[in-house]
Protein chains: 2
Amino acid sequence: MNLRQLKIFLTVCESGSMSKAAKKLYMTQPSISQTISELEQELNVKLFERMSKKLLLTYAGEVLKEYAKRISSLVEEAQSTLLDISNLKAGKLRIGASTTVGNKDKYPSPLFNEFLSYLKEFPSQF
Amino acid sequence: MNLRQLKIFLTVCESGSMSKAAKKLYMTQPSISQTISELEQELNVKLFERMSKKLLLTYAGEVLKEYAKRISSLVEEAQSTLLDISNLKAGKLRIGASTTVGNKDKYPSPLFNEFLSYLKEFPSQF
DNA sequence: GCTCGTTACGTTGATCGTAAGTATC
DNA sequence: GATACTTACGATCAACGTAACGAGC
């Protein structure tokens with residue numbers, strides 16, 4: 001199980017079909033199908049009931065979907081926060097001189113203040 | 001960023017060195033080093049301060065470590081729950097006949113009861 | 001016959017190990 | 001010289017695309 005598989009699985013869940021998910025992800029439909037099959041084999045459960053023209057989530061599929069949403073959400077938050085840190089590092093000099101830096105992002109990280117105090121204490125870390 | 005990188009990163013954090021992490025993960029030390037470098041490049045931050053004989057987490061490293069722990073924890077919970085479902089599927093007949101099935105795992109999934117009711121309603125799904 | 005999913009197969013890229021290099025103690 | 005990390009390079013496996021196939025409308 002990896003993040004790539006979870007992302008593909010989630011996209012299939014949300015779009016309701018593998019072909020639509022393929023378009024969203026700029027992949028081919030066979031690759032999507034193969035990835036879902038891999039997931040099912042690895043977890044030893046059937047994730048979708050293959051109906052004609054419709055995919056129906058099994059119970060295992062529903063459970064995985066909820067986990068996948070929470071996991072993806074955490075991963076995105078992590079990446080966003082690390083990106084903030086990376087950007088702040090690049091704009092380090094400006095931080096000390098400007099009071100508007102806190103407004104430059106729509107979603108300031110909750111770790112922002114913590115970071116600033118850390119920066120003051122250990123400037124050599126950056 | 002993927003789960004493999006996070007697992008390796010976490011192991012390095014916990015063991016305090018790349019060579020120890022390599023032993024824990026049954027990998028070679030250069031592979032660990034390479035993976036950490038990849039992570040740092042992808043995220044555009046330095047994760048460790050390379051001291052002599054000691055690795056010190058940077059602020060970015062501390063942040064990633066906390067996220068990595070939460071993400072890994074969720075992933076493990078997901079796998080454990082799906083494994084439960086997989087096992088229950090295999091032991092489907094026994095479920096109906098036995099009252100001890102709920103004790104067979106140390107950590108019964110919180111979704112267990114939900115699953116049982118689902119199983120009764122849609123037995124054909126399994 | 002069109003749409004959707006699966007299976008088969010070849011190519012490319014990621015992942016890992018081995019070997020060699022650098023630095024600190 | 002022993003230990004720990006890095007760099008370089010080659011081999012293996014995973015991931016993806018193309019092509020061909022099967023099923024349902």
Side-chain angles (χ1 to χ4, degrees), chain A residues 1-58 60-62 64-65 68 71-72 75 79 124-125, chain B residues 1-58 60-62 64-65 68 71-72 75 79 124-125:
Chain A
M1 192 165 106
N2 58 49
L3 294 179
R4 172 191 140 269
Q5 290 170 324
L6 291 184
K7 183 184 184 67
I8 290 175
F9 170 69
L10 256 188
T11 308
V12 173
C13 289
E14 289 162 359
S15 62
S17 89
M18 301 199 189
S19 45
K20 286 180 187 172
K23 287 177 186 170
K24 278 192 186 178
L25 296 171
Y26 302 100
M27 291 174 60
T28 61
Q29 195 272 340
S31 295
I32 305 289
S33 174
Q34 185 181 328
T35 300
I36 299 297
S37 293
E38 281 171 27
L39 252 183
E40 292 181 319
Q41 284 186 320
E42 287 179 21
L43 299 172
N44 195 35
V45 294
K46 193 163 59 167
L47 294 171
F48 293 104
E49 204 68 46
R50 273 76 164 175
M51 320 291 280
S52 53
K53 296 281 176 191
K54 265 189 188 177
L55 291 179
L56 187 68
L57 271 174
T58 62
E62 294 281 2
L64 184 60
K65 180 184 173 187
I71 292 167
S72 295
V75 168
Q79 287 175 326
S124 63
Q125 287 250 26
Chain B
M1 191 166 107
N2 58 49
L3 293 180
R4 173 191 139 270
Q5 290 169 324
L6 290 184
K7 183 182 186 66
I8 291 174
F9 170 69
L10 257 188
T11 307
V12 173
C13 289
E14 289 162 0
S15 61
S17 88
M18 300 199 192
S19 45
K20 287 179 186 171
K23 287 177 187 171
K24 278 193 187 177
L25 296 172
Y26 302 99
M27 292 174 58
T28 60
Q29 194 273 337
S31 295
I32 306 289
S33 174
Q34 185 181 330
T35 300
I36 299 297
S37 292
E38 281 171 27
L39 251 183
E40 291 181 320
Q41 284 185 321
E42 286 179 23
L43 298 171
N44 196 36
V45 294
K46 194 162 58 166
L47 294 171
F48 293 104
E49 203 69 45
R50 273 77 164 174
M51 320 291 281
S52 53
K53 297 281 175 191
K54 264 190 188 177
L55 292 179
L56 186 68
L57 271 174
T58 62
E62 292 281 2
L64 184 61
K65 181 185 173 186
I71 292 167
S72 294
V75 169
Q79 287 174 327
S124 63
Q125 287 248 28

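Chain letters run A, B, ... following the sequence lines, proteins first and then strands; every chain starts at 1.
A sub-4.0 Å separation between OP1 or OP2 of C:dG5 and a side-chain N or O of A:Q29 is present. One finds no side-chain N or O of B:S17 lying less than 4.0 angstrom from the OP1 or OP2 phosphate oxygen of D:dA4. The side chain of A:S33 places no N or O atom within less than 4.0 Å of a non-bridging phosphate oxygen (OP1 or OP2) of C:dT7. Side-chain N/O atoms of A:N2 include none lying less than 4.0 angstrom from OP1 or OP2 on D:dA14. Phosphate proximity of C:dC16 to B:T28: absent, as no side-chain N or O sits under 4.0 Å from OP1 or OP2. For C:dT15, the OP1/OP2 oxygens have a side-chain nitrogen or oxygen of B:R4 closer than 4.0 Å. One finds no side-chain N or O of B:R50 lying less than 4.0 angstrom from the OP1 or OP2 phosphate oxygen of C:dA23.
The one candidate from B:R4, B:Q5, B:K7 that meets the side-chain hydrogen bond (donor to acceptor under 3.5 Å, both in side chains) condition with B:T35 is B:R4.
Nearest to the side chain of A:P30, among D:dC5, D:dC16, D:dA19, sits D:dA19. Ranking D:dA15, C:dG17, D:dA4 by closeness to the A:E38 side chain, first place goes to D:dA15. Comparing C:dC4, C:dG17, D:dC5 by their nearest atom to the side chain of A:S19 picks out C:dC4.
Within 6.0 Å of atom NZ in A:K20, 12 or fewer heavy atoms from other residues, nucleotides or ligands are found, so the atom counts as exposed in its surroundings.
For the pair B:L3 CG and C:dA14 P, the interatomic distance rounds to 18 Å; values are reported in whole Å. Atom-to-atom, NZ of B:K7 to P of C:dC16 comes out at 12 Å; the value is rounded to the nearest Å. Remark: P of D:dT18 and CD1 of A:I32 are 14 Å apart, rounded to the nearest angstrom. At whole-Å resolution of the value, CE in B:M1 and C1' in C:dA14 are 18 Å apart. Per the geometry, CD1 belonging to B:I8 stands 15 Å off P belonging to C:dA14, to the nearest Å. Per the geometry, CD belonging to A:Q41 stands 9 Å off P belonging to C:dT7, to the nearest Å. If you take CD of A:Q34 and C1' of D:dA19, they are 14 Å apart, rounded to a whole angstrom. The nearest whole Å value for the distance from the CD1 atom in B:I36 to the P atom in C:dC16 is 12 Å.
Contacts of B:F48 with the nucleic acid, taken as non-hydrogen atoms under 4.0 Å apart, are absent.
How far CD1 of A:I71 is from OG of B:S72: 9.5 Å, rounded to the nearest 0.5 Å.
In this structure, A:E49 and A:L55 have side chains that are not in contact, with every pair of non-hydrogen atoms separated by 4.5 Å or more. Annotation: side chain of B:T58 is not in contact with side chain of B:V45 (no heavy-atom distance under 4.5 Å).
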